[in-house]
Amino acid sequence: MAFTEKDLEHLERLARVRLSAESREKLRPQLERIIEFVRTLQATDTTGVEPRAHVGHFEAVLRPDAVKPCLPREDVLAAAPERRDGFFGIQELYRKREISVVEVVREYLDRLERREGTVKAYLRVFPEEAIQDAARLDAEGIGGRALFGVPLAVKDNICTKGIPTTCGSKILAGYIPPYDATVIERLKAAGAVIIGKTNMDEFAMGSSCENSAFQVTANPWNEAYAPGGSSGGSAAAVAADMALASLGSDTGGSIRQPASLSGVVGLKGTYGRVSRYGLVAFASSLDQIGPIARDVRDCAAVMEAIAGHDERDATTIPEPPPDLHTGIEKGLEGLRVGVPSDMESWEMETPVKEIALATAAGLAREGASGRSVALPSIDISIASYYILANAEASSNLARYDGVKYGLRSTSDSLIDMYEETRGEGFGDEVKRRILLGTYVLSSGYYDAYYAKAQQVRSMICAGFDELFSACDLILLPTSPTSAFRLGEKVADPIAMYLSDVFTTQANIAGLPAISVPAGLSPEGLPIGMQLIAGWGQEATLMRGALGLERMYMFRERHVRGSRERNGRRGTE
Ligand code: GLN
């Protein structure tokens with residue numbers, strides 16, 4: 001179906017984005033192809049299927065208006081269980097006082113100084129504040145704090161009080177949040193030391209980190225390659241040992257895909273497991289914050305620290321989050337692992353397929369039982385994802401209008417000011433998304449695209465419900481390729497979108513999923529495998545992930561000089 005210049009002009013007005021003649025010329029054929037791509041959904045029979053806008057069953061609630069006294073900090077800490085087995089190996093050293101937090105943070109900052117010039121994982125680093133925090137922690141002692149002295153990096157779409165939060169966008173340049181996101185409060189309470197904010201694709205839209213308005217992050221394994229995206233900075237910071245762990249956000253794969261391409265572990269919890277309060281919204285029914293770390297147990301520790309109900313986010317799960325420590329050692333023992341029956345026919349690079357098939361074949365050795373399952377179609381998932389995510393994004397990003405945040409263009413009328421600010425402030429990918437989202441929500445197209453995608457969402461959710469009655473986990477690759485070259489996919493949005501072909505399903509159904517580094521491609525670039533678990537089943541997910549980690553021994557085999565977990569300090 002032709003998407004004419006007139007159609008584009010109409011959309012520009014609806015979306016309040018003014019394009020330059022040059023970008024109009026570039027964006028029109030791209031949008032035409034993307035619309036063609038998402039139109040493939042039309043072939044799916046959705047007769048009688050109820051559309052679904054959200055995975056949770058939420059009720060509108062009014063929060064009580066009363067001011068509540070909070071417990072004194074000492075009381076809260078006194079009630080916290082003493083942890084005998086904090087996962088971060090480094091804590092053993094802190095406890096024995098063999099090393100100080102200041103020393104560790106310095107070590108990370110020194111390494112950052114050496115590597116950051118070429119990796120460019122960070123948009124902002126706070127060396128002085130980090131050292132101050134470290135000194136304070138040393139004076140206080142570890143107590144029961146699970147992330148005590150852990151140098152941690154945070155994706156720049158997570159609000160940090162008094163510290164610029166740009167979301168990789170010019171439109172937010174100069175925005176300084178007056179509050180901390182809930183996850184930041186929780187990290188601080190758990191004793192983490194936040195050392196910087198990491199680079200990302202603008203508004204978390206992208207799979208290579210090249211859509212950042214500020215800089216391009218390189219893959220630490222080979223700097224000619226992309227680290228993946230959109231949490232590419234967070235993945236690269238951990239991969240280059242410039243942070244012990246980091247936070248990313250995952251709307252369609254943005255934690256797991258860069259973790260896979262950068263050789264680290266990336267976890268997205270069940271939708272609602274982690275508060276989105278203070279996360280700059282991309283697609284609210286899909287977004288989740290989650291950890292990236294060097295190994296499964298470190299990921300579990302960060303997840304435990306940030307998870308749990310939050311009064312300020314009505315979509316958080318009210319039940320207490322699961323304990324991810326107890327029982328994790330059992331690994332894959334006794335678990336029923338579903339392997340998609342048609343996986344062998346999926347398009348992916350040969351080394352990725354080889355590792356996926358070898359993993360499936362090796363499950364029995366780990367005490368798990370593998371079984372062939374019918375996964376909801378990956379093709380319809382990706383098409384519906386790009387409709388739903390962009391529809392929500394076009395609405396969420398309407399707030400950047402030159403009035404409330406950052407950038408403002410000078411113009412004679414209010415409407416011109418909106419259109420020009422948005423035209424100048426957003427990068428090409430974000431504009432493509434806003435225009436596409438506006439298109440699928442616009443009168444005449446709503447039913448054919450947005451409502452259809454919501455019906456497909458119901459079908460995907462139902463497909464998973466059935467699947468998880470017969471198995472505990474599903475195994476599949478994280479991404480069809482290992483890292484690609486910087487620049488390789490920038491001109492072809494659909495090729496870029498297909499990086500997420502194996503990850504969007506978990507977001508659409510709100511399920512927890514993790515990427516574990518599994519092996520290397522012939523070029524020496526990491527390849528990750530993914531596990532998906534049923535709703536709320538993070539504990540099973542982490543067990544399975546630990547099982548995979550033991551099976552692959554990725555760090556032992558491929559990461560030179562990795563520090564030993566417990567006891568000694570390794571060499572760099
Ligand atoms: N790469 C996907 C996209 O561009 C996923 C993004 C994300 O998870 N934030 O939409």
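Just so you know, ligand 1 is whichever comes first in the structure, and atom 1 is the first atom listed for that ligand. Every value quoted in this text rests on a predicted model; they were computed, and no experiment measured them.
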**Q** Does this structure show an ion pair linking Glu202 with Lys170, if we count only N-O contacts that are shorter than 4.0 Å?
**A**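 Answer for the salt bridge query: no.
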
**Q** Could you note down all residue pairs passing ring-ring contact (aromatic ring centres under 6.0 Å, His included) where residues 477-509 supplies at least one of them, sequence neighbours left out?
**A** Trp346-Phe502, Tyr386-Tyr497

**Q** Looking at Asp447 and Lys452, is there a salt bridge between them, counting it only when a charged N and a carboxylate O are closer than 4.0 Å?
**A** no

**Q** Check Arg432 with Glu429, please: is the shortest side-chain N to carboxylate O separation under 4.0 Å?
**A**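 Answer for the salt bridge query: yes.
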
**Q** With a 4.0 Å heavy-atom cut-off, what residues sit around ligand 1?
**A**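 Within 4.0 Å of ligand 1, protein side: Ala204, Met205, Gly206, Ser207, Ser230, Asp250, Thr251, Gly252, Gly253, Ser254, Phe282, Tyr385, Tyr386, Arg433, Asp500.
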
**Q** Is a salt bridge present between Arg485 and Glu523, judged by a nitrogen-to-oxygen distance below 4.0 Å?
**A** no

**Q** Hey, are Arg28 and Asp7 close enough for a salt bridge, meaning a charged N less than 4.0 Å from a carboxylate O?
**A** no

